[in-house]
Amino acid sequence: ANPAEADRETCIRNACISSISKGGFMPHHHLIYESCISGLRGAFAITATSDMGDIVIPRSYADALNSSHQEYWRQAVADELNGLITNGTFDFIPLSKVPPHANIMRCHMVFTVKRLIDGVIEKFKCRLVADGSTQIHGIDFDRVFSTVAKISTLRIFLVLAAAYDYNLTSIDVVKAYLQATLSEDLFMMVPPGLPRFDSDGQPQVVKLKKSLYGLKQAGRRWNELFCSKAVEWGFIQSAIDTCLFTYRQGSSILWLVIWVDDGILADNDTQLRNQFVTYLNSQFEIEDKGELKWVLQVGIQRDRQKKLLTMSQSLYIKDLMAKYAWATDGLTKRFDSPADANVKLTAEQCPAIDSIEYHQMTPFRDTYMSLVGAYLWLSNVSRYDITYISGILAKFVSNPAMIHYRAALRVLIYLDGTADRVLTLSANPNRPLSAYVDSDWGSRFSISGGIIEIFGCPIHWFSRAQRSVSMSSTEAEYFATCVMVREVLFTRDVVADFGVALTAPTIIRTDNKGVVDLSFDPVAFKKTKHILRAAQFVRDRVLRQYVGLEWISGQNNFADIFTKNVA
């Protein structure tokens, strides 16, 4: 291309993208080879159900260009750069024009493969990420908080859609973070694969015009933009969960839940749904994925006739096993429970700093942290059977002992044997919102646990340590009940945002009769006066008929698995 006949920068960009997509290289001095994501410990193989064999995720741009699947990674890089340039994400400017003392961020490429529910590769994916760790508060960014839909809201969404036999579909916003315009002056080094020098040989950088992945404010800006467009179309945004949107037009209903750039839609009017997608596509580039089968690495299967829906994380678990197969190598014993009921894990077991055991744990500390993070995600989405042990293991991530590490490996082996276990949501509209709560008084800080159901389906559960020391089992159970009452009130508000009327009190079942008595009358006041405020809170909600308490035998209390190791 002749720079005299066209924009010089456009020519340079097009030439670079063409070179990458065709398998060529830009001149060596035109390339920046940045390091991969900070903290990445190494690539691991993902075995996909395809004829491509084991695919190693590149750790850097240079690794991608030298990979055995380099032609796919080159295309992914070309697609990413082309999208950035077409979107007008940044402008090239000479380094000499950057204001003195301005912060020039680094950037790098992140690679992954996107797969379908059966493991088949959908596409090779590359994403340019800015190194936002060097941004300066008050200069490069201000507020950064951005919310995503709560997992409990997503489960309520799925249960109600199954109960009312609504259509379930999903959409994906292409390059979502790149849509929002920036108000700050942000400068960044030239992305890998694009020329670091202009045609005169002078160094250049890029000035960001739109948001980019990795920027501290990127999530917030995108969320604000998307929410404004949804409300502009006519959706009502929930004040309880701001990532939930509802729309009603006569008898036609449309619900939307967003998780960053993924949107899940439920409707009883396909035409109304298509109108919204058409509108959204006029604002952003949208990929309409059709029927909901895969979201947040969770497989969704549905039987509309039986009003049944399942959530499966089997592929996530299999990937986890492939990544840490070396950790369980030689361990042949299988387990039918995630934790040993006879083993108590405590902080006193953590090794002293610089002790022999502390140094022996050094090679395993990062693995432990990574495993616990994976367990917390699994337990939060569908595997509530590991919720209790995941919370216990999370207490020791900064300094685990070998006994903690062995307990973490036991969970991994247990998950391997139960990878195909799914969360079944079988909706029965005749079963109202209800809850079970329990507490374990066996430790200094008691564990509160509970589970909430709607239409007979679990939609929210928790297992957490109490913040104060309880003087009796009744006190521990009562504080757990206070937590459950708050969770039930929140859930009732979310359900109401869907347009579902809850006229009757939500029954909370506990195996402690003292708690039931205290919820109605201040019995045994001398022994319970120090929990008067909590008692007033629960009694007030009982009197207002938001909730009601019932006694249930310990053998039938489903919340028991959230307070202790159960064999």
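Quick caveat, the model's predicted, so the values are computed rather than measured.
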Consider only side-chain N and O atoms of [X] and [Y], and report whether a donor and an acceptor are under 3.5 Å apart.
| X | Y | value |
| --- | --- | --- |
| Arg383 | Ser390 | no |
| Tyr324 | Ser370 | yes |
| Arg273 | Asn268 | no |
| Gln179 | Glu285 | no |
| Gln283 | Lys229 | yes |
| Glu291 | Thr169 | no |

Is [Y] close to [X] at the side-chain level, that is, under 4.5 Å between some pair of heavy atoms?
| X | Y | result |
| --- | --- | --- |
| Cys227 | Gln237 | yes |
| Leu128 | Cys107 | yes |
| Ile459 | Phe157 | no |
| Gln301 | Leu309 | no |
| Leu244 | Ile258 | no |
| Lys318 | Tyr316 | no |
| Tyr166 | Leu160 | no |
| Phe284 | Val174 | no |

Original post:
Between Tyr72 and Phe124, how do the two ring planes meet: parallel, tilted or perpendicular, split at 30° and 60°?
Top reply: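 Plane angle under 30°, so parallel.
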Residues in side-chain contact (heavy atoms from CB on, under 4.5 Å) contact with [X], at least two apart in sequence or another chain:
| X | answer |
| --- | --- |
| Trp294 | Ile117, Gln297, Leu315 |
| Ala176 | Val173, Tyr213, Trp222, Asp261 |
| Leu154 | Leu158, Ile264, Leu296 |
| Thr278 | none |

Using the benzene-type ring in the case of Trp, are the ring centres of Trp255 and Phe498 under 6.0 Å apart?
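Trp255 vs Phe498: aromatic centres under 6.0 Å.
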Would you mind checking if Glu184 and Arg221 are paired as a salt bridge, meaning a charged N to carboxylate O distance below 4.0 Å? yes
Under the rule for side chain to side chain donor-acceptor pair (under 3.5 Å), what residues qualify as partners of [X], not counting sequence neighbours?
| X | value |
| --- | --- |
| Asn103 | Asp140 |
| Ser146 | none |
| Arg220 | Glu224 |
| Asn380 | none |

Partners of [X] by ring pair (Phe, Tyr, Trp, His ring centres under 6.0 Å), sequence neighbours excluded?
| X | answer |
| --- | --- |
| Phe111 | Trp73 |
| Phe490 | none |
| Phe141 | His137 |

Give the intermediate values and the outcome of ring-ring contact (aromatic ring centres under 6.0 Å, His included) for residues Phe276 and Tyr247. CA-CA 10 Å; Phe276 171 67; Tyr247 181 87; 8.7 Å; no
Paired with Glu80, the side-chain hydrogen bond (donor to acceptor under 3.5 Å, both in side chains) test is passed by just one of Lys175, Gln75, Arg127, namely Lys175
Using a 3.5 Å cut-off and no angle test, enumerate the donor-acceptor pairs between side-chain atoms of residues 419-427 and protein atoms at least two apart in sequence or in another chain.
residue	atom	partner	partner atom	Å
Arg421	NH1	Asp385	OD2	3.3
Arg421	NH1	Tyr414	OH	2.8

